[in-house]
Amino acid sequence: MAAQEAFIIVDIGTGNVRVAVAAKNGEVLSVERDNMPYQTDALYPNSIFFDPNHLWSVITKLARTALENAPEVEVKALTATSQREGIVLIGHDGSSLIGLPNIDHRGREWDFIMQDKSYIYELAGRYPTSLFSALKLVGVRERRQELWEQTRTFLSISDWAQYMLSGVARYEHSQASETLLYDVARKSWSPDLCAIFDIDPMLLSPLGDSGTVLGTITPAAAAAFQISPEAQVIIGGADTQLAVKGTQPELDDVVIVSGTTTPIFKLVNEYITDVRERSWTNRHIDEHTLAVETNAGVTGLNYQRLKEIFYPNESYEVIEQELAQVQEACCVASLGSLLADEKGPITKGGFIFPAPVTHTLTRAHFVWATLWDIACSIKENFHSLHDISAVEQDYVWACGGGFQSQLLRQFIADLLHKKVYLRENYRQATVVGGALICNEALGESNYVPAPPLVVEPQEDSRYLSLYEEWKRTRQTFKNLCEEAVV
């Protein structure tokens with residue numbers, strides 16, 4: 001029997017790195033994962049980094065294992081996707097120097113150089129903070145001079161992975177949107193933004209379009225992955241954009257991506273900004289499409305960590321079974337979600353429940369409250385997005401691992417009063433998006449999505465009062481944060 005033609009998709013997230021093997025029709029044949037190998041940097045507060053050379057050895061090992069666990073395949077192409085805002089510095093000799101993930105804030109001390117943040121917002125499409133790549137670079141320049149002098153260029157983490165595969169450095173547009181050095185409307189690097197951060201434009205790699213061939217895999221990478229030296233390397237993109245791609249929405253649709261954070265994307269064909277600076281405007285991975293985004297902040301990561309506390313040895317199916325038995329919300333949570341109307345997240349959070357502790361309070365109530373916190377945060381951000389760019393459809397799309405919770409799906413449908421659509425492979429949407437990218441680059445189309453699963457909104461008389469209680473709880477923790485600052 002002839003080997004099945006397939007693709008390799010490298011997915012470097014905030015919490016873990018995955019390597020998947022996918023068939024040309026989008027079927028996920030195998031997935032291997034490991035934790036991201038972070039280290040703290042004592043030279044800066046709130047900073048974290050990774051050794052890209054160590055990460056590459058992890059990726060190589062995962063790729064070989066994923067291929068061993070897949071049916072017999074012939075790898076025709078490879079692509080990569082990754083967390084947004086993260087970068088890898090490349091040396092003058094082509095070596096990988098240091099990786100700075102999205103959760104690295106080494107540039108926060110130099111926030112003062114952004115004197116006109118509204119001007120930056122208009123060009124870059126997002127309110128500027130130390131989250132973005134430009135201030136990471138400033139932090140290196142100001143306190144790691146020896147490292148800065150070794151640096152020839154930098155790449156997003158997914159573009160770095162493709163550089164390691166092909167030897168060609170290109171910066172994909174959806175990832176460039178996250179640097180504060182890129183004019184999103186003009187789809188080009190911005191000399192004005194570079195001047196604000198005193199970044200030499202010569203440091204910037206050429207831009208490349210998602211879904212185009214970057215080059216043939218290098219002999220060294222082919223040998224390390226144990227695949228054909230004829231395999232093509234395809235430019236991928238940011239993980240949120242690839243997840244949206246894998247969901248296959250239409251223009252003007254809204255897609256909620258539930259991962260470590262929860263971006264809420266609306267696909268548009270024009271550059272839109274918000275007079276109140278609440279939204280981000282991103283390049284999508286289609287040539288002419290953009291996305292207006294609000295983001296509920298850290299959400300799925302909270303759920304994952306609380307599972308480790310309350311359900312360390314049980315499956316998500318067990319959690320759903322226990323959640324189905326919850327008849328009354330015994331507690332309400334606020335766990336640091338981000339609302340578009342606010343400039344930053346709440347940095348203190350927790351659960352509020354009646355005292356003394358009632359015997360009816362169970363571990364399921366804490367998880368129920370966590371999912372309700374996520375859903376209410378999505379509701380708030382969805383309405384901000386609707387205020388910026390009206391949502392006319394009676395449905396939203398959903399994808400990402402967080403939506404394996406049936407209760408979360410129903411919460412969102414009920415709170416938004418809209419149907420929730422999910423594709424069959426919604427949990428692996430980034431992998432499916434990567435397969436679609438590879439197909440398009442090779443001039444093939446083998447993916448015909450099945451009709452979506454539909455979650456219908458229902459009326460629940462409890463939800464209005466519970467929503468108001470959630471808002472009061474969130475305000476309580478917000479007040480605590482403000483008192484701590486004073």
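Just so we're clear, the structure is a prediction, and the values are computed from it rather than from any experiment. All residue numbers in this chain count up from 1 along the given sequence.
Checked for salt-bridge contact, D41 and R143 miss the test: no charged N lies under 4.0 Å from a carboxylate O. Using a 4.0 Å cut-off between charged nitrogen and carboxylate oxygen, R126 and E293 do not count as a salt-bridge pair. The pair R462-D460 counts as a salt bridge, with a side-chain nitrogen and a carboxylate oxygen less than 4.0 angstrom apart.
Side chain of Q241 to backbone of R283: a donor-acceptor contact under 3.5 angstrom is found. Without hydrogens or angle criteria, Q404 side chain to G401 main chain gives a donor-acceptor distance under 3.5 Å. In this structure a side-chain-to-backbone donor-acceptor pair under 3.5 Å is present from E172 to Q175.
Considering only heavy atoms from C-beta on, F132 stays 4.5 Å or farther from T179 through its side chain. Contact of the F50 side chain with the I157 side chain is registered, since non-hydrogen atoms from C-beta on lie closer than 4.5 Å.
Using modelled atom types and a 3.5 Å distance limit, the side chains of E178 and S133 yield no donor-acceptor pair. Side chains of S96 and W160: a donor on one and an acceptor on the other come within 3.5 Å. When only modelled atom types and interatomic distance are considered, N69 and E32 share a side-chain donor-acceptor pair under 3.5 Å. Side chains of Y44 and H105: a donor-acceptor N/O pair is absent below 3.5 angstrom, by distance only. A donor-acceptor contact under 3.5 angstrom links the side chains of Y395 and D253, judged on distance only. There is a side-chain donor-acceptor pair under 3.5 Å between R409 and Y426.
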*Step by step, work out the side chain to side chain contact (heavy atoms under 4.5 Å, CB included) result for V10 and L78.*
CA-CA 8 Å; V10 178; L78 308 89; 5.9 Å; no

*For the pair Y171 and F154, evaluate ring-ring contact (aromatic ring centres under 6.0 Å, His included) and give the outcome as yes or no after the intermediate values.*
CA-CA 9 Å; Y171 219 116; F154 69 98; 5.6 Å; yes

*asked:* Please determine whether side chain to side chain contact (heavy atoms under 4.5 Å, CB included) holds for the pair I59 and L55, giving the CA-CA distance in whole Å, both sets of side-chain angles, and the decisive distance to 0.1 Å.
replied: CA-CA 6 Å; I59 291 170; L55 177 59; 4.0 Å; yes

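For K471, the NZ atom counts as densely surrounded, since its 6.0 Å shell holds more than 12 non-hydrogen atoms of other residues, nucleotides or ligands.
Checking each of D34, D11, T81 against R18 for a side-chain hydrogen bond (donor to acceptor under 3.5 Å, both in side chains) leaves exactly one that passes, namely D11.
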